[in-house]
Amino acid sequence: MHMANELLSVPVAAGTLAIAAGALGFICRRVRQVIATEKLALMGILGAFVFAAQMVNFQIPAMPGTSGHMVGAVLLAIILGPHLGTVVISSVVIIQCLIFQDGGLLALGCNIINMGLVPCYLGYFLYKLVMTGQFSSLKSYIGAMLACVLALEAGAILVPIQAALSGVLAVPFSTFLITMIGVHFLVGFIEGLITVTVLAYLQQVRPDVVIDCLPGKVRLSRGAVLITLAIFAVIAGAGLSLLASDFPDGLEWSYAERPDQPDFDSIVSNEDPRVAAVDDFQSKYTLLPDYSGRASKLGQIAVDEVDLSAGWTSFAGVVGSAITMVAIWLAAWILRKRQPSKA
Amino acid sequence: MHHAHIDKFAYQDSVIHRLDSRVKFIAVLIFTAVVISLPRTSLSIPVCYAIGPFAILVLGRVPLRFVFRKILLVSPFVLVLALSCPLYDRTPLTVAFGPFIWRGTVGWMRCFTILGKFVVTMLALIGLVSTTRFNDLLAGLQKLGVPKLLVIQLGFLYRYIFVLIDRAHHILQARAGRKLRSLGFKRELRTASAMVGSLFIRSIDTAEHINIAMQGRGFDGRWRSISKLRIRRADLLFALAAVFFILGLYVFIRPVLQ
């Protein structure tokens with residue numbers, strides 16, 4: 001579920017980057033006040049542990065050929081506390097982007113929110129909710145399971161919301177949402193199973209680690225949790241309501257006809273002056289339109305109606321770029337050939 | 001396994017490698033933003049924009065086969081979503097491309113545009129990462145205002161990823177050597193979680209040892225780097241070229257069509 005740059009529009013990417021950067025900056029300042037220098041190495045190594053733990057795979061019975069592995073966000077949040085857990089998981093996401101190129105540079109904000117902030121805080125909160133009162137292993141297992149499923153699900157739901165707000169994909173919001181929820185229910189369930197069994201193992205071997213005795217843990221006050229959840233709910237609600245309104249960019253598909261269903265009643269018809277204005281603006285703004293004019297009705301577009309002159313410009317652009325690249329490559333090759341003889 | 005396995009090209013030396021990491025980082029960030037905001041009706045503009053990262057990769061002597069293998073490796077999620085576009089948007093359209101005329105649907109056009117932009121921005125990101133040492137990049141990020149705690153965290157993480165991945169490899173090898181058949185889900189799960197658990201405990205212990213060693217050498221929580229960051233004339237030239245390229249292409253293409 002690493003978001004890519006291309007599935008986002010610039011405003012959404014910039015907004016999520018700002019939210020993620022602000023939250024991380026705030027958390028880092030808070031953590032820096034509490035944590036001792038000795039714990040810096042521990043955090044870094046637990047980040048590397050997440051990578052190593054993801055390599056430990058095992059077979060899933062129902063689906064031959066696939067194998068499951070853990071994500072680790074909830075485990076770290078339970079053991080380290082949500083603040084440290086978020087910092088560790090965010091750094092894992094950043095490294096995945098910078099070293100392994102998984103997820104784009106501009107999508108980093110989305111990825112930190114979806115995989116770091118939301119699962120860590122929500123997972124920790126749910127775990128603590130179940131764990132109120134006296135410690136018992138059964139409660140901790142139920143709490144970890146619940147936390148894994150719901151926290152991963154919450155992160156996964158954000159992906160289609162962000163994509164729909166950007167309006168790049170043609171996939172209907174509901175289809176994408178249902179797919180993500182379905183897939184991540186499975187992912188969350190397996191994650192929960194591993195987290196629970198790892199917790200059971202740790203409790204046998206190092207009980208001090210599980211019953212929050214790992215030093216350097218930053219506790220979260222109940223008020224802070226409620227405020228965080230409230231802010232999150234407001235943001236999610238705002239996003240959903242934006243989707244429900246006819247946001248011209250995000251809901252492009254709501255006014256497009258559906259050729260596969262001729263009797264499909266489009267929500268906003270193309271005769272609407274607003275839509276026409278948007279289309280007009282788009283065609284004006286478009287730099288190099290490969291195709292001009294939206295096909296307003298199915299099958300009504302004739303070949304001679306299409307502005308074919310635009311095609312030649314883009315053809316020239318592509319050919320010119322290809323020639324430039326070949327020239328650069330040749331120049332570099334010649335220079336490189338020459339260099340060793342000089343040295 | 002060693003660092004060099006993943007980012008071996010960052011340790012080469014070339015004109016691009018010697019540039020300041022901050023300049024490169026900001027250039028790639030702006031480039032990505034511009035490419036994403038390009039209209040999604042055109043596939044040929046991203047192709048034109050590919051010249052920039054291509055030049056960086058060639059000048060930085062990064063083999064193109066390595067680059068494309070990397071792009072392929074990270075593409076599945078985008079690929080699935082892009083390929084589902086043609087299923088939902090079937091508005092017919094005619095595309096004129098020089099002497100060729102192609103009749104397809106808007107969905108396919110979107111799919112190709114998404115994939116085209118994906119490849120171009122990935123080229124830029126790989127261009128940045130494989131011509132910059134990670135320590136330099138971190139020092140640059142710290143100068144750009146990334147919190148110190150996060151920089152330290154990233155530094156540790158980068159240093160120990162391969163140590164722990166190595167360890168995980170050992171554990172996996174031990175399992176493969178002992179487990180000769182499928183054990184059934186329950187025992188598979190128990191084995192895997194015991195492996196993760198022991199990895200976790202060993203990580204905590206390793207952290208303790210490292211911490212003691214670092215305290216012995218006077219670590220006070222500050223991240224020090226020997227890489228000196230200085231904006232030189234070459235950096236200014238590169239920044240100028242990048243701005244000229246990004247803006248120039250934008251301005252140049254626009255009036256041609258209006």
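Chain letters run A, B, ... following the sequence lines, proteins first, then strands; residues in each count from 1.
- Between Asn5(A) atom CG and Ile36(B) atom CD1 the span is 4.0 Å, to the nearest 0.5 Å.
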I would like to know whether Ile45(A) and Ile204(B) meet side chain to side chain contact (heavy atoms under 4.5 Å, CB included); could you show each step before the answer?
CA-CA 8 Å; Ile45(A) 296 207; Ile204(B) 293 178; over 6 Å; no

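- Judged by distance alone, the side chain of Gln153(B) and the main-chain N or O of Met43(A) form a donor-acceptor pair under 3.5 Å.
- To the nearest 0.5 Å, the span separating CD1 on Ile328(A) from CG on Leu59(B) amounts to 7.5 Å.
- Heavy atoms closer than 4.5 Å to chain A are found nowhere in Leu115(B), neither backbone nor side chain.
- No side-chain heavy atom of Val58(B) sits under 4.5 Å from any side-chain heavy atom of Trp333(A).
- Options Ser84(B), Ala194(B), Pro147(B) differ in how many heavy-atom pairs under 4.5 Å they form with chain A, and the most are formed by Ala194(B).
- Within the 4.5 angstrom heavy-atom criterion, no atom of Val196(A) approaches chain B.
- Looking at Ser198(B), both its backbone and its side chain come within 4.5 Å of chain A, counting heavy atoms on both sides.
- Going from atom CG of Leu42(A) over to atom CD1 of Ile210(B) covers 9.5 Å, rounded to the nearest 0.5 Å.
- No other option in Phe219(B), Phe156(B), Phe134(B) has as many heavy-atom pairs under 4.5 Å with chain A as Phe156(B).
- If you measure heavy-atom distances from Phe54(B) to chain A, the contacts under 4.5 Å come from the side chain alone.
- Ala124(B) does not touch chain A: none of its heavy atoms, backbone or side chain, sits under 4.5 Å away.
- The structure places CZ of Arg30(A) at 13.0 Å from CG of Leu149(B), a figure rounded to the nearest 0.5 Å.
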Walk me through it: do Leu57(B) and Trp329(A) pass the test side chain to side chain contact (heavy atoms under 4.5 Å, CB included)?
CA-CA 10 Å; Leu57(B) 286 169; Trp329(A) 191 78; over 6 Å; no

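- For Val319(A), no part sits under 4.5 Å from any heavy atom of chain B, backbone or side chain.
- Contacts of Leu7(A) with chain B are made by side-chain atoms alone, with heavy-atom separations under 4.5 Å and no backbone atom involved.
- A 4.5 Å side-chain heavy-atom check between Ile201(B) and Tyr201(A) finds at least one atom pair inside the cut-off.
- Under the side-chain contact (heavy atoms from CB on, under 4.5 Å) rule, Val196(B) has a single partner from Leu202(A), Thr197(A), Val198(A), which is Val198(A).
- In this structure, chain B has no heavy atom under 4.5 Å from any part of Ile27(A).
- Between the CZ atom in Phe162(B) and the CD1 atom in Ile99(A) there is a gap of 7.0 Å [rounded to 0.5 Å].
- The structure places CG of Leu154(B) at 8.0 Å from CG of Leu98(A), a figure rounded to the nearest 0.5 Å.
- Heavy atoms of Leu172(B) lying under 4.5 Å from chain A belong exclusively to its side chain.
- Most heavy-atom pairs under 4.5 Å with chain A, from the set Leu137(B), Leu128(B), Leu125(B), Val78(B): that is Leu125(B).
- No side-chain heavy atom of Phe49(A) sits less than 4.5 Å from a side-chain heavy atom of Leu157(B).
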Side chain to side chain contact (heavy atoms under 4.5 Å, CB included) for Thr121(B) and Leu105(A)? Distances and angles first, verdict last.
CA-CA 9 Å; Thr121(B) 53; Leu105(A) 202 56; over 6 Å; no

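- Contacts with chain B were tallied for Ala200(A), Ala52(A), Pro11(A), Gly25(A); Ala52(A) has the most, counting heavy-atom pairs under 4.5 Å.
- Heavy atoms closer than 4.5 Å to chain A are found in both the backbone and the side chain of Leu199(B).
- Between Val10(A) and Ala33(B), the closest heavy-atom pair is CG2-O, 3.5 Å.
- Within the 4.5 angstrom heavy-atom criterion, only side-chain atoms of Leu76(A), from C-beta onward, approach chain B.
- Heavy atoms of Thr175(A) lying under 4.5 Å from chain B belong exclusively to its side chain.
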